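Input: a single structure, listed below in structure tokens.
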Amino acid sequence: MKVKVFANLREIVKIKGHEIEVEMKQGKVSDVLEILLQRYGTAFRDAIFNPDGRLRIKILLNGRDIDYINGLESEITEQDILYLFPPVAGG
Amino acid sequence: MVTKMSGKILRIDLTSESSKEEEIPEETRRKFLGGRGLGTKILYDELSAGKDPFSAENIVVIAAGPLTGTKTPSSGRHVVISKSPATGGVTFTSSGGTWAAELRKAGYDAIVIKGKAEKPTYLWINDGKVEFRDASKYWGKLVGEVDDGIRVETDEEAKVLQIGIGGEKKSYMAAVMNEKYRAAGRTGLGAVLGSKNLKAIALKGTKEIEVANSVAMSRAADRALKKIAESDVTKEGGGLYSYGTAVLTNIINASGIYPTRNFQTGVFKGAEKISGETMAETILEKRTACHECPMECGRWIKVDKGRYKGIEGESLEYETSWAFGGQCGVDDLGALAKVNHMCNEYGLDTISVGNTIGFAMELFEKGIITKKDVGFKLKFGDDKAMVSMTELIAKREGFGDVLADGTRKAAEKIGKGTDYYTMQVKGLEFPAYDPRGAMGIGLNFATANRGACHVSGYTIAAEIVGAPLKVDPFDAGEEKVDLTILFQDFTAAIDSAVNCLFLSFAVGAEEWADMIAGAAGWDGYGVEEFLKTGERIFALERMFNKREGFGKKDDTLPERLLKEPMPEGPAKGKVHPLEDMLKVFYEKRGYDENGHPTEEKLKELGL
């Protein structure tokens, strides 16, 4: 499956094309995050979680906020795209 | 109680070349604050129904608010209020920078302009001294040149507000520009100033902006600044600061509501190439900021390669990059910078110009208009055609004359059922959000008093961005209606305070109310009164529009968004459920079935 990262997360993962490939046929969003945490370390952890363990980023699964699917327990398959957005705004 | 918060209104009569000062009554200040509220009140009281927006009788108010120019954050905005040629109703349009702070330093909270000058004229307002000067040599000149010229003639430090060639030619898409790169862009008020032969207003002020209780105001401002510094969205190094407003491009596109090729879909393949992140990696030179703003969301860009090499300036907000990007199918940042620069120099609203060119591109794609009509091929994705059409619109030449008054007017001229393809409400073109995947913003677009305006009730903050709260964008129930109303009222109050709406990503109504209470010296002023002020202003705009014949028929969305399901992306299959939401909206607002405030509601609001 693919994970796309945006804004200042790109400065942490430093992946060309801003797309991370994660080998996973089936699992949950939390499983993907765990793989990324192991891969990118403390800076990545600090960027996506508050000190109290709450998510500080917005996660979209195929464009839909996971809060309106099943949160970190949302099921994913290898065709899915996960989008990780640090807080952004404008207009 | 007389407060120190306000200076005076400067009344200008262009016909007689005369001016006078006027105090703002205390009751008006407290009920309408300044900015949008004050301007709407003046329009409602002094402009009777049915007047041509281009007649000498139309009134233009340019207003600051009680917080403008103070040490409260992001307080450099002014609001322009008038009867719009695009919508036929009352409108407000605002801009940032430092012009408004200078207005207050010159001793005024607002300028109220009536009449029509005999020849092109500009105003030079220097610390309370008003001069009417001949602007004939600036007529037909570009915005940058006029700004430089007027400052040479007046004072190098003067702040210049002006119309461009778009306003001179009375385009319904003409902006009111200030400080070269800033635009009060929407609803064609540059054309109203053009109809009055008023080219520019240059200001210089050295007076101190007095506030009633500077300790109380500063205490509230410090709380606001702390919230800004702590928010991941607004803090130094945060998303808005680092990537500008175009940081929205990717999240709006991923959410499937990035209007593409005239709202035919909500997913644009080229979005990444024109995003805030790509800008930061390629053409960004530095950040820019308005008066007392820690967010620094402005971008100074420079194109150093390709066909548009050499374009430089403050440029490419999110809405602009969308209007010429997704809407026209162009994914070349250099081309977007070029047309943005052109719109700045000609004094045109980037959102409406881009939207209108996208509309024409769809007509071309469908064969409704042809090369014979346009003079060249006007295909989606063709940056050269987009640049050429922008030039023609600005000069009202060739097919540009057909498009120069926006989509609604263009469809009237072209006929053949082309009104179906106009993406506008009440005559104002849509900005960069497809309501089929965000139901609150759709309700706001339909009910906003100036037409399809995102900043009348920016529910995208909650529906997509999640700041300061998060809601499901697909929800269309009562809670979403409540949220939309709250955003509309909060915004009307902010626009009257006047600070930047972007503060609201981090700062709440409590801080705003306390900043105003401090500045004005009002006892017992709190959140409830602040929000009630917003509700009152929104209702007064409705009453102005009712007098002009507006009703439920105007609170609508383009048929495409109500009937054509979104073809792909996360919102696939959805249309906007407006009718159901509108009924609840009217009930909750205390409006009748035709969308007008009831007698009881007017009484409650003190109107």
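Numbered from 1 within each chain, the chains take letters A, B, ... in sequence-line order. All heavy atoms count here, side chains included; hydrogens, waters and symmetry mates do not. This is a predicted model, so every value here is computed, not measured.
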Point-to-point distance, once rounded to the nearest 0.5 Å, from CG of Asn8(A) to CG of Asp232(B) | 8.0 Å
Does CD belonging to Glu21(A) count more than 12 external heavy atoms closer than 6.0 Å?
-> yes
Are any of the side-chain nitrogens in Glu272(B) or Arg10(A) under 4.0 Å away from the carboxylate oxygens of its partner?
-> yes
Contacting moiety of Asp65(A), where chain B heavy atoms sit under 4.5 Å = side chain
Closest heavy-atom contact between Ala89(A) and Val465(B)?
-> CB-CG1, 3.9 Å
Below 4.5 Å from any heavy atom of chain A, which atoms of Glu463(B) appear? Answer side chain, backbone, both or neither.
-> backbone
Of the backbone (N, CA, C, O) and the side chain (C-beta and beyond), which part of Tyr83(A) lies under 4.5 Å from a heavy atom of chain B, both, or neither?
-> side chain
Return yes when atom CD of Glu78(A) has more than 12 non-hydrogen atoms of other residues, nucleotides or ligands closer than 6.0 Å, and no otherwise.
-> yes
Does atom CD of Glu19(A) have more than 12 heavy-atom neighbours from other groups under 6.0 Å away?
-> yes
Are there residues of residues 455-462 of chain B that reach to under 4.5 Å of chain A by heavy atoms, and which ones?
-> Tyr458(B)
Looking at Gly239(B), Gly237(B), Ser242(B), Ala254(B), which makes the most heavy-atom pairs under 4.5 Å with chain A?
-> Ala254(B)
Is it true that a side-chain atom of Tyr68(A) and a backbone atom of Asp472(B) form a donor plus acceptor pair closer than 3.5 Å?
-> yes
Asn62(A) side, atom CG; Lys572(B) side, atom NZ - distance, nearest 0.5 Å = 12.5 Å
Do you know which two heavy atoms are closest between Pro87(A) and Val233(B), and how far apart they sit?
-> CB-CG2, 3.5 Å
Ser255(B) side chain near Leu60(A) side chain, heavy-atom distance below 4.5 Å = yes
At their closest point, which heavy atom of Lys58(A) faces which heavy atom of Lys470(B), and how far apart are they?
-> NZ-CE, 4.2 Å
